[in-house]
Asks: 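Questions regarding the structure given below will be posed in turn.
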Amino acid sequence: MSQPPKNRLSIPEYAMALAHVASLRSEDPYRKVGAVALDADNRVIGTAYNGLAPGYNAPEGFWDDREARRKYMLHAEVNLCSLFTRGSAKLIACTTMPCTSCMQMLCSYGIKEVYYRDVYPDSESPLIAERYGIKLLQMTDYPQLLMTPGQA
Ligand SMILES: [Zn+2]
C-alpha cells in the first residue's frame, strides 16, 4: 500500500484529530477524553467525549472532588459505543488509552484497530489487545490543528 501524500492526513491521523476536537467538548475539568469511530470504508460513524449522563446537570460543588466524581463519569468509549451496533465500526481513535473496562467493551463491539494518544497507566488494554489480536497503537505526532482552550 502506498503512503498518502504529505499534505494529506492518514486515516489514523484524521481519526485522532477528530477525537481531539471531540475532547474539547468534555465538561470534566480533570481529564478530557475524546473518541471517534470509523467504519470499514473509513467513514465517520460518530464522535464522543467523557461526561455525565445525557441531560444531567451537575449540582454546585460536584466537580470539587476529583476522586468522588470518577464513578459518575461516562467514558468517551462508552458514549461512543452507544452510537453503533457490534461489527459496524472498524477503527477507534481515543485521546487517552482505553481503560481495562473500555477495552473489554471495544472487544465486544468487534473493533479491530485502536489508536490512542495519552497513556493511561493502570490500563490492561495492551494485554487484552494482544490476547484478542486487536491492533493497539499509540499516536503522538498527529497534526495538532486546534489548541486546547487556555493554551497559547
Ligand atoms: Zn474507560
Asks: Going by salt bridge (Lys or Arg N to Asp or Glu O under 4.0 Å), name the residues that satisfy it together with Glu130, two or more places apart in sequence or in a different chain.
Replies: none
Asks: Not counting sequence neighbours, which residues clear ring pair (Phe, Tyr, Trp, His ring centres under 6.0 Å) with Tyr30? List them please.
Replies: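 For Tyr30, no residue satisfies ring pair (Phe, Tyr, Trp, His ring centres under 6.0 Å) once neighbours in sequence are set aside.
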Asks: Which residues pass the side-chain contact (heavy atoms from CB on, under 4.5 Å) test with Ala58, not counting sequence neighbours?
Replies: Leu52, Tyr56, Phe62, Trp63
Asks: Output all residues satisfying side chain to side chain donor-acceptor pair (under 3.5 Å) with Thr47, sequence neighbours left out; order by chain, then residue number.
Replies: none
Asks: Tell me, please, which residues at least two apart from Thr95 pass side chain to side chain donor-acceptor pair (under 3.5 Å).
Replies: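 By the side chain to side chain donor-acceptor pair (under 3.5 Å) rule, Thr95 matches no residue at all.
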Asks: Sequence neighbours excluded, which residues qualify as side chain to side chain donor-acceptor pair (under 3.5 Å) partners of Tyr116?
Replies: none
Asks: Tell me, please, which residues at least two apart from Arg69 pass salt bridge (Lys or Arg N to Asp or Glu O under 4.0 Å).
Replies: Asp28
Asks: Name all residues meeting the side-chain contact (heavy atoms from CB on, under 4.5 Å) criterion together with Pro121; count only those two or more places apart in sequence or in a different chain, and write none if there are none.
Replies: none
Asks: Arg25: which residues meet the salt bridge (Lys or Arg N to Asp or Glu O under 4.0 Å) condition with it, sequence neighbours left out?
Replies: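 Not a single residue meets the salt bridge (Lys or Arg N to Asp or Glu O under 4.0 Å) criterion with Arg25.
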Asks: With Tyr120, which residues qualify under ring pair (Phe, Tyr, Trp, His ring centres under 6.0 Å), at least two apart?
Replies: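 With neighbours one apart ignored, the set is empty.
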Asks: Would you mind listing every salt bridge (Lys or Arg N to Asp or Glu O under 4.0 Å) that reaches into residues 40-49, with sequence neighbours excluded?
Replies: Asp39-Arg43, Asp41-Arg43
Asks: Check residues 96-105 and write down every donor-acceptor pair under 3.5 Å in which the side-chain atom is one partner and the other belongs to a residue at least two apart or another chain.
Replies:
| unit_1 | atom_1 | unit_2 | atom_2 | d |
| --- | --- | --- | --- | --- |
| Thr100 | OG1 | Glu124 | N | 2.9 |

